[in-house]
Novice: 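The structure's right below; bear with me while I get my questions together.
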Number of protein chains: 2
Amino acid sequence: MNAAINTRQRILRSARDLIYARSYSEVGVAAICDSAGVKKGSFYHFFPSKQELTLAVLDEFFLEFKEQIFAEAFSERLTPLNRLRRLAELAYRFQKEIADVTGHTLGCPFGNIAAEMSTQDEKLRHKVATVLGQMEAHIRDTLEAAVACGEVNNIDVPTTAKAMLAYAEGIMLLAKTRNDPEVVRELMPAMADIRIRT
Amino acid sequence: MNAAINTRQRILRSARDLIYARSYSEVGVAAICDSAGVKKGSFYHFFPSKQELTLAVLDEFFLEFKEQIFAEAFSERLTPLNRLRRLAELAYRFQKEIADVTGHTLGCPFGNIAAEMSTQDEKLRHKVATVLGQMEAHIRDTLEAAVACGEVNNIDVPTTAKAMLAYAEGIMLLAKTRNDPEVVRELMPAMADIRIRT
DNA sequence: ATTATAGTTGACCGGTCGGTCTAGTCAAGT
DNA sequence: ACTTGACTAGACCGACCGGTCAACTATAAT
């Protein structure tokens, strides 16, 4: 049973890494099984389909994101706006590290799947939309706090949060397209300066 | 020979529509041939591979984009900043029209392919990067003009151009993810207000 | 020791993939 | 009339796709 959890976890991690590095369509179940050192039968014992696995992968991604990025950026030591600036810095570090290891700038795992699959798989689209919605909510909360402590004023908080998320996703996509993490370093800090006025 | 050009054009248009509506991986050569009313033999007479066809599709997309969007938005009647605002409006209209017809918000054709294929096919990545580079150049030129006529000042023009492009791409991706063109209407106008200060 | 159950194995399925190839049509050039 | 070469037709290729299945093993409760 311990071994079983282990197997499931190995499948999940292999799938996460492969799908992020390549894409949903380019990664087959067989490749995931090979990478995880697991046979097809075991795969389908734990996951009913490739689609369901991918939903789990998205959860896994978001969990890690919250643990590794949000947890650090959104500590109380920083002012709200500085949390957003810290987020920008962490985004760069993360992309830079991946680029150093893999040779490719991989962008945002959610944005990648959204772009590829939104029109093809409604369940996947909805899942990604939900995750991005939660990210937006985090930014919104942070902006509310910024307003509350007088760090900013006269802004449309919900719309500004959406704009910041859009800007961040766009930067990740451009960085992937140029295969250059420095794009993130150059552009991301300005995310914290976006203001949609009331 | 006229019929031949016609065949090539039909293949190109079918591929453009199908790849935009679905994705590169989800659209097979057979589907493109069916849609174009052409047999495989003809397809491979005009295009050596699916990859080469896609490069041509990207050219086709960019050509249409310049004809339909840039040509209208960048007319001399408008001030530079108003050209960018017009661009935002056209982006919404375009996404809205597609959504009404297809039931899906398809986002940016270049961004879609970039997200899906950048890590998998260097030629495709490079092509998309080039196209987006030209878009960035258009925005940069417009910002230069805005500076020249005193509409804005104290901005880092090249970086602001990049930031505007990133913001636009991010909005298109979010709209696709939410399957809602209204995201474009809500967020895109603020593109013209982005300023990266010197 | 027996039984039930969770997990594993790998052969196998029909279908689709991008791409090849041979045979043939057709119009223009000589 | 004959040749040439662009274009079309569609059968065919091996590889791979997601998914199924029956048989097997390991574990733990009774």
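We use all heavy atoms of the structure for the numbers below, so side chains are in, but hydrogens, waters and symmetry mates are not. Quick caveat, the model's predicted, so the values are computed rather than measured. Each chain gets a letter, A, B and so on, in the order the sequences are listed, and its residues count up from 1.
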Novice: Hey, can you pull the residues of residues 16-24 of chain B with a non-hydrogen atom under 4.0 angstrom from DNA chain C?
Specialist: none
Novice: Tell me whether the rings of B:F62 and B:F65 are parallel (<30°), tilted (30 to 60°) or perpendicular (>60°).
Specialist: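 Taking B:F65 first and then B:F62, their aromatic rings lie parallel (interplane angle under 30°).
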Novice: For atom NE2 of B:H104, decide whether the heavy atoms of other residues, nucleotides or ligands shown that lie under 6.0 angstrom number more than 12.
Specialist: yes
Novice: Mind checking salt bridge (Lys or Arg N to Asp or Glu O under 4.0 Å) for B:K50 and listing every partner two or more places apart, or none if nothing turns up?
Specialist: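 Expected list: none.
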Novice: Tell me whether A:E144 at atom CD has more than 12 heavy atoms from other residues, nucleotides or ligands lying less than 6.0 Å away.
Specialist: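 Above 12, so yes.
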Novice: Take atom CD of A:Q9 and atom C1' of C:dG7, then tell me their distance rounded to the nearest Å.
Specialist: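 Result: 16 Å.
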Novice: Step by step, would you call A:D121 with A:Q51 a side-chain hydrogen bond (donor to acceptor under 3.5 Å, both in side chains)?
Specialist: CA-CA 9 Å; A:D121 188 309; A:Q51 182 205 46; 2.9 Å; yes
Novice: Starting at atom NE2 of A:H45, determine the distance to atom P of C:dT5, rounded to an integer number of angstrom.
Specialist: 13 Å
Novice: Let's see if you get this right: which residues in residues 28-38 of chain B place a heavy atom under 4.0 Å from DNA chain C?
Specialist: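 Close to the strand are B:G28, B:V29.
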Novice: For the side chain of B:K39, starting at C-beta, report the closest nucleotide among C:dG7, C:dG18, D:dG10.
Specialist: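 From the listed options, D:dG10 comes nearest.
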Novice: Evaluate the side-chain proximity of A:V157 to A:I196: yes if any heavy-atom separation is below 4.5 Å, no if none is.
Specialist: no
Novice: Whole angstrom is fine here: how far is it from CZ in A:F43 over to P in D:dG18?
Specialist: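 Computing the A:F43:CZ to D:dG18:P distance gives 9 Å.
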Novice: Once you round it to whole Å, what is the distance between P of D:dT8 and CZ of B:F47?
Specialist: 12 Å
Novice: Are the side chains of B:V57 and B:Y20 in contact, using a 4.5 Å heavy-atom criterion?
Specialist: no
Novice: Considering residues at least two apart in sequence or located in another chain, which fulfil the salt bridge (Lys or Arg N to Asp or Glu O under 4.0 Å) criterion with A:E122?
Specialist: A:R125
Novice: Could you check how far CD of B:E26 sits from P of C:dT16, rounded to whole Å?
Specialist: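 From B:E26 CD to C:dT16 P: 13 Å.
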Novice: Decide yes or no for A:N112 and B:T119: does some side-chain heavy atom of the first lie under 4.5 Å from some side-chain heavy atom of the second?
Specialist: no
Novice: Can you sort out the partners of A:K123 under side chain to side chain donor-acceptor pair (under 3.5 Å), two or more places apart, ordered by chain and number?
Specialist: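 Only A:E52 meet the side chain to side chain donor-acceptor pair (under 3.5 Å) criterion with A:K123.
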Novice: Starting at CZ of A:F46 and ending at C1' of D:dG19, how long is that distance when rounded to a whole Å?
Specialist: 17 Å
Novice: Answer yes or no: does a side-chain N or O of A:S49 lie under 4.0 Å from OP1 or OP2 of D:dG18?
Specialist: no
Novice: Sugar-phosphate means primed atoms, P, OP1 and OP2; the rest is base. With that split, encode nucleotides 21-28 of chain C 5' to 3' as B, S or - using protein heavy atoms under 4.0 Å.
Specialist: --------
Novice: Determine, step by step, whether A:S25 and B:E26 satisfy the side-chain hydrogen bond (donor to acceptor under 3.5 Å, both in side chains) criterion, reporting the C-alpha distance in whole Å, the side-chain angles of both residues, the deciding distance to 0.1 Å, and the verdict.
Specialist: CA-CA 7 Å; A:S25 298; B:E26 297 288 324; 3.0 Å; yes
Novice: What is the distance from CZ of B:R10 to P of D:dC7, rounded to the nearest Å?
Specialist: 13 Å
